[in-house]
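First comes the structure, then the notes that go with it.
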Number of protein chains: 2
Amino acid sequence: MTRRPRTGREPLNRERVLRAAIDVADAEGLDAVTMRRVGQALGVEAMSLYNHVDGKDALLDGMADLLVGEIETPPADVEWKEALRRRAWSGRATVRRHPWAPALFAARPQVRLPMVAYLDGVTGCLLGAGFSPQLAHTAVHVLDSRVLGFTRDLFDPGVQGMPDPALLEAMTGGALPHSQRIMAEAVHDDDVEFAFGLDLILDGLERARDSERSG
Amino acid sequence: MTRRPRTGREPLNRERVLRAAIDVADAEGLDAVTMRRVGQALGVEAMSLYNHVDGKDALLDGMADLLVGEIETPPADVEWKEALRRRAWSGRATVRRHPWAPALFAARPQVRLPMVAYLDGVTGCLLGAGFSPQLAHTAVHVLDSRVLGFTRDLFDPGVQGMPDPALLEAMTGGALPHSQRIMAEAVHDDDVEFAFGLDLILDGLERARDSERSG
DNA sequence: ACCTGAACACCGTTCAAGT
DNA sequence: ACCTGAACACCGTTCAAGT
């Protein structure tokens with residue numbers, strides 16, 4: 001007689017499906033995330049998931065998006081180094097809660113909007129602190145591999161397939177102002193960036209050793 | 001009448017199987033590496049591979065081992081910064097040749113002997129340059145995420161399952177002297193390490209910005 | 001509108017059988 | 001000693017059918 005046939009459970013939605021998938025990955029690892037297993041966690045057949053998610057790949061993409069969303073963004077008035085530090089620790093806490101996160105990020109073929117939005121925030125923080133677009137771009141690369149446990153080239157169109165349409169839309173529509181500026185004003189050279197990050201680390205290590213000796 | 005029944009092809013071996021798997025991954029991506037597909041690349045049924053490899057997981061482990069083996073080790077008399085730089089560029093070249101490498105490393109549950117041996121070399125280079133075991137240990141962490149596109153805690157037994165017996169054997173048998181020394185003399189604290197690497201990067205970035213401004 | 005059952009083409013793996 | 005064919009339990013996904 002009522003709308004809900006014979007079970008009291010609330011209807012599925014995209015969010016609940018993604019959360020269930022994350023729970024399965026947390027408990028049993030990323031490989032355990034199958035359509036059938038996630039369905040089971042929700043008390044539903046695997047095929048029901050297709051009503052809320054476009055398929056397995058979309059499910060994994062959605063999981064990655066939610067993970068990035070867990071990283072906290074500090075208020076804009078926090079001093080730049082402190083702001084980057086807070087973001088880094090929040091990102092690290094996320095990876096700790098979900099140890100399979102780096103494997104998921106590394107396996108996904110596309111860099112997606114939430115990740116780019118996160119990096120846009122980091123970039124804005126650096127630009128606001130007086131970094132040139134060129135240096136800010138390079139800095140983001142050095143930082144993100146440390147925080148998220150992986151490195152990926154964002155602006156290199158050769159590596160990935162066609163980017164997410166939503167991403168292009170956000171990019172050209174002004175929703176990612178800092179990334180847009182980097183695209184326009186920074187030269188993109190992987191080797192130069194790699195060399196910069198490497199020397200930054202090596203020089204920092206040398207300094208740390210010397211102060212250790214004299215200390 | 002001859003030993004080789006009716007085909008002129010040389011018999012399979014472990015090395016050829018692993019190479020074929022790497023070729024498949026290079027050409028069609030890591031997901032294309034299935035037992036059936038690798039068998040096909042060798043002109044053989046999938047089941048034949050089990051004579052040379054313990055299964056799919058062992059195949060993936062073997063691929064990872066071969067990748068690490070592609071990283072060149074500079075002669076021992078090269079100055080430490082230059083030596084680390086060469087190793088880093090060689091590692092980067094390897095990842096470039098096999099873009100799926102970070103995803104594979106991140107997906108494998110265990111850190112294996114060849115990887116530890118590589119890191120042992122990096123550690124030895126730092127110890128030889130006068131770094132304390134503590135600082136050398138931390139330095140390796142900062143470096144490897146930059147070079148290999150991923151970070152993994154080596155000495156944290158909680159994260160991984162039982163380590164490779166061959167790894168334990170090498171560790172206790174003196175084949176990895178530098179890693180052994182780190183295990184014995186360095187305190188392992190993930191948070192301290194993370195904070196160190198983060199500050200090293202942030203301080204380096206600040207210095208780069210300031211010299212950019214004054215330059 | 002949402003869920004299901006049966007079906008299809010795949011996957012890793014076992015095992016008995018071939019040479 | 002090495003390779004194979006058939007079989008098993010899984011996987012993602014389609015589709016027609018249910019409510």
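Proteins get letters first, then strands, A, B, ... in listed order; numbering begins at 1 in each.
When both distances must be under 3.5 Å, the Watson-Crick or G-U wobble mate of D:dC3 does not exist. Across all strands shown, D:dG12 forms a Watson-Crick or G-U wobble pair, both distances under 3.5 Å, with C:dC8. Both distances falling under 3.5 Å, in either a Watson-Crick or a G-U wobble arrangement, occur for no nucleotide opposite D:dA17.
Applying the 6.0 Å contact sphere to CD of B:Glu82 captures more than 12 heavy atoms from other residues, nucleotides or ligands.
Across all strands, A:Met35 comes closer than 4.0 Å only to sugar-phosphate atoms, never to a base (heavy-atom distances).
In this model, the phosphate group of D:dA1 is not approached by any side-chain N or O of B:His52 to a distance below 4.0 Å at OP1 or OP2. Note on A:Ser48: a side-chain N or O is less than 4.0 Å away from OP1 or OP2 of C:dT4. Taking only side-chain nitrogens and oxygens, A:Tyr50 comes nearer than 4.0 Å to OP1 or OP2 of D:dT13.
Protein atom CG of A:Asn13 is 10 Å distant from nucleotide atom P of C:dC2, rounded to whole Å. At whole-Å resolution of the value, CG in B:Leu49 and P in C:dG12 are 10 Å apart. What separates CG of A:Asp57 from C1' of D:dG12 is a distance of 10 Å, to the nearest Å. In this structure, CD of A:Glu45 is placed 15 Å from C1' of D:dA17, rounded to the nearest angstrom. Distance, B:Leu60 CG to C:dC11 C1': 13 Å, rounded to whole Å. The separation between A:Arg14 atom CZ and C:dA1 atom C1' is 18 Å, rounded to whole Å. With rounding to whole Å, A:Lys56 atom NZ is found 12 Å from C:dC11 atom C1'. Distance, B:Arg36 CZ to D:dG5 P: 13 Å, rounded to whole Å.
Nearest nucleotide to the side chain of B:Asn51, out of D:dC2, C:dC11, C:dT13: D:dC2.
Contact check on B:Asp61 versus B:Arg108 returns a salt bridge, with a Lys/Arg side-chain nitrogen under 4.0 Å from an Asp/Glu carboxylate oxygen. In this structure, B:Glu45 does not pair ionically with B:Arg36, as no charged nitrogen and carboxylate oxygen lie closer than 4.0 Å.
Ring pair B:Trp80/B:Phe131 is perpendicular by interplanar angle, where above 60° counts as perpendicular and below 30° as parallel.
Side-chain contact, A:His52 with A:Glu15: no donor N or O sits under 3.5 Å from an acceptor N or O.
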